[in-house]
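First the structure, in the form of structure tokens, and then the observations on it.
A, B, ... follow the sequence lines: proteins, then strands. Residue 1 opens every chain.
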Number of protein chains: 2
Amino acid sequence: MRGLFNNLQIKVPPQLYIKDPESSALGKKIVSEGILLIDALGFESFTFKKLGQKIGSPESTIYRYFENKHKLLVYLSSWYWAWLEYKVVFATVNITSHKKRLQKALEALCETVQQDQKYDHINEEKLQKIVISESSKAFYTKEIDQENKDGYFSSYKNLCERLVEIVKELNPEFKYSHTLVSTLLEGIHLQKFYGEHLPSLTNVSHKDDRTVQHFFETMILSMLKNG
Amino acid sequence: MRGLFNNLQIKVPPQLYIKDPESSALGKKIVSEGILLIDALGFESFTFKKLGQKIGSPESTIYRYFENKHKLLVYLSSWYWAWLEYKVVFATVNITSHKKRLQKALEALCETVQQDQKYDHINEEKLQKIVISESSKAFYTKEIDQENKDGYFSSYKNLCERLVEIVKELNPEFKYSHTLVSTLLEGIHLQKFYGEHLPSLTNVSHKDDRTVQHFFETMILSMLKNG
DNA sequence: CGAATATAATAGTAAAACTATTAATGTGGC
DNA sequence: GCCACATTAATAGTTTTACTATTATATTCG
């Protein structure tokens with residue numbers, strides 16, 4: 001995927017920020033250093049004050065870009081989902097075999113991001129780590145219904161729809177394509193997380209992308225055949 | 001499942017509490033009112049101070065039972081997993097057909113708990129809601145490796161092992177039984193959560209236990225046949 | 001009944017999660 | 001090049017959270 005997106009701007013729902021962080025150098029710095037700091041400290045210990053110290057700005061400046069750290073997390077997750085959607089689209093374009101399309105999509109979803117080629121100011125490798133370990137906190141809140149209504153999760157939904165299309169090509173009769181796809185997406189991250197931290201709950205070992213991919217390919221193909 | 005466990009004590013790893021909340025009336029009140037309050041406020045807004053006000057005790061008293069609210073959450077989750085394990089065991093005992101055993105286990109896992117029969121002082125209905133929306137926060141922390149080493153997640157692992165046995169009966173050759181079971185357990189909760197809050201990501205509707213059960217039964221049986 | 005233990009009542013601290021105010025700096029238009 | 005305007009820096013302040021500490025008052029258990 002090297003350099004593929006150099007001229008593409010990933011779109012994130014604007015209700016997630018106060019001022020678009022892509023619109024200034026400081027905004028980009030907030031995002032790029034924010035990723036590094038959340039990855040280093042974990043979301044609970046991450047604060048705007050610490051981020052301010054890291055980038056040499058007062059925390060009040062960061063508040064002019066993001067209402068609070070929760071919204072920053074939703075923003076980062078959305079960016080990741082939108083980026084993944086592009087990866088899936090490019091990986092499957094021009095491929096005609098339905099099965100091959102599924103396999104290519106799964107490969108894009110399961111691969112552990114390498115640090116060699118960065119999209120602009122964003123470290124996708126660390127962002128992926130954040131999404132794996134922190135992104136569920138973005139929707140397990142009491143405000144989810146309102147935030148959903150306000151479109152906070154549209155990037156994730158877009159990715160899901162994209163994958164539902166690929167599933168439906170293989171079996172248009174299948175009744176649970178959305179359930180299958182959402183189980184897949186969360187399942188991939190869960191298995192990677194377990195592989196690293198709770199190995200007794202999984203058969204995949206750390207950074208073993210192939211096993212994850214093979215498991216979920218088997219899952220989808222056999223369900224579409226028998227479901 | 002009415003009254004089945006009236007004389008059974010659910011065991012939770014003792015490293016999760018400072019003083020066993022089952023050992024005093026106040027401890028039980030902390031747990032029972034804690035469940036209600038976390039359900040009402042969400043875990044982020046829940047504090048020991050608010051819980052203290054609700055039970056008429058100072059927060060310092062609660063700290064003598066639980067080190068912090070994170071450990072209370074791990075305690076509650078562990079109680080739930082241990083309780084679910086018993087449910088699965090009782091649902092499958094004396095059943096000889098391997099397939100029937102799986103179906104009974106899935107039924108126990110998927111059913112939405114009713115409030116009619118309470119285990120002792122614990123409101124399982126609300127506890128289940130908490131586990132669905134909050135329990136992932138119990139392990140998505142920076143301390144997971146140490147906490148895992150300290151045995152915080154043994155109840156969950158026990159439940160997984162129990163289900164792995166049932167899967168292995170059906171196909172002893174299957175290489176991904178742990179991955180299958182952990183995908184199942186999280187998947188059930190995820191689908192219930194989506195059914196309630198993000199319906200466009202799922203084909204199950206709110207409290208539609210049968211669809212969830214059927215989906216995962218199809219998933220397991222078809223994977224064991226084709227994997 | 002007395003000693004240990006649990007709980008209540010109260011106070012206090014450091015940090016988190018903001019909000020507000022003013023000063024300095026930069027930038028775009030004329 | 002300078003003025004207007006917007007952005008950022010510097011600083012301070014508030015409320016709440018997540019604890020810790022101290023002492024007084026009940027309880028209970030040997």
Side-chain angles (χ1 to χ4, degrees), chain A residues 14-34 37-76 121 134 137-138 140-143 146-147, chain B residues 14-34 37-38 40-76 121 134 137-138 140-143 147:
Chain A
Q15 54 272 45
L16 294 177
Y17 47 77
I18 297 171
K19 174 178 175 165
D20 186 356
E22 300 281 337
S23 70
S24 74
L26 182 63
K28 287 178 186 170
K29 211 169 162 192
I30 288 171
V31 168
S32 62
E33 296 293 320
L37 200 57
I38 293 173
D39 177 57
L41 303 178
F43 188 66
E44 279 69 32
S45 300
F46 167 84
T47 70
F48 278 1
K49 188 169 193 182
K50 290 173 187 168
L51 179 55
Q53 278 159 356
K54 207 179 174 196
I55 66 174
S57 294
E59 52 180 338
S60 50
T61 295
I62 301 169
Y63 279 103
R64 302 191 70 258
Y65 285 85
F66 293 100
E67 205 183 318
N68 49 50
K69 72 176 187 172
H70 170 251
K71 283 213 180 176
L72 173 59
L73 180 63
V74 182
Y75 175 91
L76 293 176
H121 55 293
E134 315 286 0
K137 296 165 192 166
Y140 285 130
T141 73
K142 275 283 164 188
E143 294 76 33
Q146 186 58 48
E147 295 190 348
Chain B
Q15 53 273 44
L16 295 177
Y17 47 76
I18 296 170
K19 174 177 176 167
D20 187 358
E22 300 281 337
S23 70
S24 74
L26 182 63
K28 287 177 186 170
K29 212 170 162 193
I30 289 171
V31 168
S32 62
E33 297 293 321
L37 201 56
I38 292 173
L41 303 179
F43 188 65
E44 278 70 33
S45 300
F46 167 85
T47 69
F48 278 0
K49 188 168 193 183
K50 291 172 185 169
L51 178 55
Q53 278 158 357
K54 205 177 176 195
I55 66 175
S57 293
E59 51 181 337
S60 51
T61 295
I62 300 168
Y63 279 103
R64 303 190 68 259
Y65 285 84
F66 293 100
E67 207 183 317
N68 49 50
K69 73 175 187 172
H70 171 251
K71 282 213 181 176
L72 172 60
L73 179 63
V74 181
Y75 174 92
L76 293 175
H121 56 292
E134 314 286 0
K137 296 165 191 166
Y140 285 130
T141 73
K142 276 283 166 186
E143 293 76 35
E147 294 189 350

For DNA chain D, what residues of residues 50-60 of chain B have any heavy atom nearer than 4.0 Å?
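B/Lys50, B/Glu59, B/Ser60, in order of number.
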Check each residue of residues 22-30 of chain A for a non-hydrogen atom within less than 4.0 Å of any atom in DNA chain D, then write out the ones that pass by number, or none.
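Those residues whose heavy atoms fall under 4.0 Å from DNA chain D, taken from residues 22-30 of chain A in numerical order, are A/Ser24, A/Leu26.
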Within the structure provided, determine whether [X] and [Y] are in side-chain contact (heavy-atom separation under 4.5 Å).
| X | Y | answer |
| --- | --- | --- |
| A/Tyr17 | A/Leu72 | no |
| A/Glu33 | A/Leu51 | yes |
| A/Lys142 | B/Leu41 | no |
| B/Ile55 | B/Leu26 | yes |
| A/Tyr75 | A/Pro21 | yes |
| A/Glu147 | A/His70 | yes |
| A/Phe48 | A/Ile62 | yes |

Got a sec: does the NZ of B/Lys50 have more than 12 other heavy atoms crowding it under 6.0 Å?
yes
Could you tell me whether a side-chain N or O of A/Ser45 sits under 3.5 Å from a main-chain N or O of A/Gly42, the two making a donor and an acceptor?
no
Does A/Lys28 offer a backbone N or O that forms a donor-acceptor pair with the side chain of A/Ser32 under 3.5 Å?
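Yes.
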For the helix from C/dC1-D/dG30 to C/dC30-D/dG1, measure the angle between the helix axis at one end and the axis at the other, each built from five pairs, rounding to 10°.
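The end axes of the helix from C/dC1-D/dG30 to C/dC30-D/dG1 are about 30° apart, to the nearest 10°.
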Report the residues that fulfil salt bridge (charged side-chain N to carboxylate O under 4.0 Å, His left out) with B/Glu134, sequence neighbours left out, ordered by chain and then residue number.
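Counting only residues at least two positions away or on another chain, B/Glu134 forms a salt bridge (charged side-chain N to carboxylate O under 4.0 Å, His left out) with B/Lys137.
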Considering just the side-chain nitrogens and oxygens of A/Lys49, establish if one lies under 4.0 Å of OP1 or OP2 belonging to D/dA12.
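The answer is no; no side-chain N or O of A/Lys49 sits under 4.0 Å from OP1 or OP2.
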Under 4.0 Å, heavy atoms only, any strand: does B/Tyr63 hit a base, just the sugar-phosphate, or nothing?
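B/Tyr63: base contact, heavy atoms under 4.0 Å.
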Under the ring pair (Phe, Tyr, Trp, His ring centres under 6.0 Å) test, residues paired with B/Phe46 that sit two or more places apart
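Residues passing ring pair (Phe, Tyr, Trp, His ring centres under 6.0 Å) with B/Phe46: none at all.
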Contact interval (first through last nucleotide) of DNA chain C with protein chain B, 4.0 Å heavy-atom:
C/dA6 to C/dT10
Along DNA chain C (nearest heavy atom to each residue), the more 5'-positioned of A/Lys69 and B/Lys19:
B/Lys19
Distance under 6.0 Å and angle within 45° of the ring axis: does A/Lys69 meet both against A/Phe43?
yes
Taken to the nearest whole Å, CG/B/Leu72 to C1'/D/dC19 is 15 Å
Between atom CZ in B/Arg64 and atom C1' in D/dT27, what is the gap in whole Å?
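In whole Å, D/dT27 C1' lies 13 Å from B/Arg64 CZ.
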